[in-house]
Amino acid sequence: MIPVITIDGPSGAGKGTIAQNVARQLGWHILDSGSLYRLTALACIQQQVDFSSENVIEAIARELPVRFESESYGLAIFLDNQDVSDAIRDEEIGMVASKVAAMGGVREALLERQRAFVAEPGLIADGRDMGTTVFPQARLKIFMTASCEERAQRRYKQLKEKGISVSLAALVADLKARDEQDSNRPISPLKPAADAVMIDTSDMSIDQVTQHVLDLAKQRFS
Ligand code: C5P
């Protein structure tokens, strides 16, 4: 069976960065599942969809004309041949993504698309339900957390480096609202799989977390 590592956890816990580092070190493929919900959200906004029309949103998720390309700086993401790698990272898109992600039809529409990312020599998948719903057979499941303040600080720093000014208090409020929405939805809520390894990254550096995950992978897959 092709090996899969899942990394789930709340927004801003560092899942994406760690998934990229570990994938690079192992030479494995990567699935940023949140990007699929973000792309669905962006496509809905571009098409001015009525957010109460769940079946229209589900159809958009099913038909998403998306392409991922591996670049030296990370993944480039295209929607209908338009590079939307930065556009989908907007906090507003995150909130809309969280809204469409609560729809059962949308999750169902994206399920097979996510599973199709499994390929030799292995896959690292990050999101909210990778270990519980999408890849329940994964041999290594990680649930990554960090305090809300720490996660907001990290996001604040990232945005500042990009020249985007936001208030820290607004970021804390946004993260809390999104986590609450993701944790309390009835379908595939954000929660650790029963067999997940918990990692609190609040006081760890990126290198330390990357090494910890690599050590766990070595134990599980060798
Ligand atoms: O991980 P990211 O912040 O990019 O995800 C955006 C939103 O997509 C999350 O807040 C969540 O609502 C949704 N999502 C999800 N299931 C996943 C990945 C993301 O519901 N596996």
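Every number for a ligand or one of its atoms is a count from 1 in the order of the listing.
Here Asp182 has side-chain heavy atoms under 4.0 Å from ligand 1, and that is the only part of it that gets that close. Residue contacts with ligand 1, taken as heavy atom pairs separated by less than 4.0 Å, involve Arg128 via backbone and side-chain atoms alike. When heavy-atom distances to ligand 1 are checked against a 4.0 Å cut-off, Met95 has no atom that comes that close, whether in backbone or side chain. Under 4.0 angstrom from ligand 1, there are no non-hydrogen atoms of Gln181.
With sequence neighbours excluded, no residue satisfies side-chain hydrogen bond (donor to acceptor under 3.5 Å, both in side chains) with Ser165. With sequence neighbours left out, Thr210 forms a side-chain hydrogen bond (donor to acceptor under 3.5 Å, both in side chains) with Asn21.
Other residues, nucleotides and ligands contribute at most 12 non-hydrogen atoms within 6.0 Å of the CD1 atom of Ile206. Around CD of Glu69, the count of heavy atoms belonging to other residues, nucleotides or ligands within 6.0 Å exceeds 12.
Against a heavy-atom cut-off of under 4.0 Å, Ser98 is close to the following atoms of ligand 1: 10 (O), 12 (O). Every atom of ligand 1 is numbered from 1 in the order shown, and the set under 4.0 Å from a heavy atom of Met130 is 21 (N).
From the protein, the heavy atom lying nearest to atom 19 (C) of ligand 1 is Gly34 CA, 3.5 Å. In terms of protein heavy-atom proximity, atom 18 (C) of ligand 1 is closest to Ser33 OG, 3.3 Å. What sits closest to atom 13 (C) of ligand 1 on the protein, heavy atoms only, is Ala101 CB, 3.7 Å. In terms of protein heavy atoms, atom 6 (C) of ligand 1 is closest to Arg178 NH1, 3.5 Å.
Polar contact check, Asp129 against ligand 1: a nitrogen or oxygen pair lies under 3.5 Å apart. The N/O atoms of Arg107, backbone and side chain alike, include one that comes under 3.5 Å of an N/O atom in ligand 1. Ligand 1 has an N or O atom lying under 3.5 Å from an N or O atom of Arg38, backbone or side chain. For ligand 1, the polar-atom distance check against Lys15 finds no nitrogen or oxygen pair separated by under 3.5 Å. Between Arg185 and ligand 1, an N or O atom pair is found at a separation short of 3.5 Å. For a threshold of 3.5 Å applied to N or O pairs, the pair formed by Tyr37 and ligand 1 contains no separation below that value.
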Using the side chain to side chain donor-acceptor pair (under 3.5 Å) rule, take Asp207 and Ser205 through it: C-alpha gap first, then chi angles, then the decisive distance, then the call.
CA-CA 5 Å; Asp207 285 349; Ser205 69; 5.4 Å; no

Kindly determine whether Arg155 and Glu91 satisfy salt bridge (Lys or Arg N to Asp or Glu O under 4.0 Å), including the steps that lead there.
CA-CA 10 Å; Arg155 188 60 58 93; Glu91 204 38 53; 3.0 Å; yes

Please evaluate residues Ser11 and Asp179 with respect to the criterion side chain to side chain donor-acceptor pair (under 3.5 Å), reporting the C-alpha separation (whole Å), side-chain torsions for both, the decisive distance (0.1 Å), and the verdict.
CA-CA 7 Å; Ser11 326; Asp179 290 346; 3.2 Å; yes

Would Asp215 and Gln211 satisfy side chain to side chain donor-acceptor pair (under 3.5 Å), going step by step from the backbone distance to the final call?
CA-CA 6 Å; Asp215 290 345; Gln211 194 52 53; 3.0 Å; yes

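You'll find the ring centres of Phe68 and Phe117 inside the 6.0 Å limit.
Using a 4.0 Å cut-off between charged side-chain N and carboxylate O, Glu150 and Arg154 make a salt bridge.
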